[in-house]
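Just so you know, these numbers use all the heavy atoms, side chains as well, and skip hydrogens, waters and symmetry mates.
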Amino acid sequence: MAVSTASTSRAEDDPRLDLSAPLRPGNAVAALIVVDGQYLLQLRDAKPDIFFPAHWGCFGGGVDPGETVEQALIRELEEELGARIDTTDLRYFSRFEFGLDFAALKPIWRIFYEVAISEAQMAGWSLGEGSDMRLFPAAAILTHRIPLTPYDAFALWMHINGSRLVG
């Protein structure tokens with residue numbers, strides 16, 4: 001019985017299936033951008049050499065040498081959105097650490113900040129990196145209607161459900 005290649009995805013057709021492109025993990029900072037109760041997310045490019053290509057995720061990126069995490073996030077938001085954000089607009093949310101001992105690498109971290117703005121404040125922003133940007137209601141995130149980067153999905157879930165967390 002022959003297998004049809006028309007319905008079979010291959011790595012060259014779908015970057016999410018590439019298992020050979022080198023990945024370079026690093027420390028990063030990200031913004032949970034809340035716009036009138038919805039979340040502004042970026043559709044990551046469909047490039048096999050990035051983490052979670054063609055997935056929706058938070059805006060942000062790597063921290064350059066000599067930068068504070070706040071400076072890195074402000075720079076990334078300007079590069080990716082043309083957004084002019086001040087450090088007073090950033091509210092620390094959470095930090096995740098990922099052990100990479102299995103790959104003989106040092107641990108990396110991802111720090112999340114909340115950035116709450118109105119739709120009017122977002123009016124001059126335009127996508128400078130990624131394939132798309134869109135506002136999503138919490139329901140789209142919680143029901144997995146969109147493919148999300150797992151670490152951002154968890155941060156978004158915690159942000160949405162923060163009032164339910166008890167000690």
L41 and L148, any side-chain heavy atoms less than 4.5 Å apart
yes

Applying side chain to side chain donor-acceptor pair (under 3.5 Å), can you list everything that pairs with D132, at least two apart in sequence or on another chain?
R134

Looking only at heavy atoms, the pair that brings P48 and A21 closest together is O-CB, 3.6 Å

With S118, which residues qualify under side chain to side chain contact (heavy atoms under 4.5 Å, CB included), at least two apart?
D36, A120, Q121

Show me the donor-acceptor pairs, under 3.5 Å and distance only, between side chains in residues 95-108 and residues at least two apart or in other chains.
{"residue": "R95", "atom": "NH2", "partner": "E97", "partner atom": "OE1", "Å": "3.4"}

State which residues pass side chain to side chain donor-acceptor pair (under 3.5 Å) with T143; sequence neighbours excluded, sorted by chain then number.
R145

Tell me which pairs pass salt bridge (Lys or Arg N to Asp or Glu O under 4.0 Å) where either residue lies in residues 56-66, with sequence neighbours left out.
D64-R75

Under the side-chain hydrogen bond (donor to acceptor under 3.5 Å, both in side chains) definition, can you give me all pairs with a residue in residues 146-162, not counting sequence neighbours?
Y39-H159, R110-D152, E114-H159, T149-D152, N161-R164

Residues passing the side chain to side chain contact (heavy atoms under 4.5 Å, CB included) test with A54, sequence neighbours excluded, are R16, A46

E119: partners by side chain to side chain donor-acceptor pair (under 3.5 Å), with sequence neighbours left out:
none

Do the side chains of P25 and F51 get nearer than 4.5 Å, heavy atoms only?
yes

Would you please name every residue forming a side chain to side chain donor-acceptor pair (under 3.5 Å) with R24, sequence neighbours left out?
none

Kindly work out whether a path of hydrophobic side-chain contacts (I/L/V/M/F/W/Y, heavy atoms less than 4.5 Å apart) joins L17 to L23.
no

Which pair of non-hydrogen atoms, one from F93 and one from A155, has the smallest distance, and what is that distance?
CE2-O, 3.7 Å

Treating D89 as the side-chain partner and D86 as the backbone partner, does any N or O pair qualify as donor plus acceptor under 3.5 Å?
yes

Point-to-point distance, once rounded to the nearest 0.5 Å, from CD1 of I141 to CD of Q38
9.0 Å

Here the side-chain hydrogen bond (donor to acceptor under 3.5 Å, both in side chains) pairs for residues 43-59, sequence neighbours left out, are D45-S131

Remaining members of W109's ILVMFWY cluster at a side-chain heavy-atom cut-off under 4.5 Å?
V29, I33, V35, L40, F59, V63, V69, L73, I74, L77, L81, I85, L90, Y92, I111, Y113, V115, I117, M122, W125, L127, M133, L135

With sequence neighbours left out, what residues match E129 under salt bridge (Lys or Arg N to Asp or Glu O under 4.0 Å)?
none

Distance in Å, L142 CG paired with I160 CD1, rounded so as to fall on 0.5 Å steps
4.0 Å

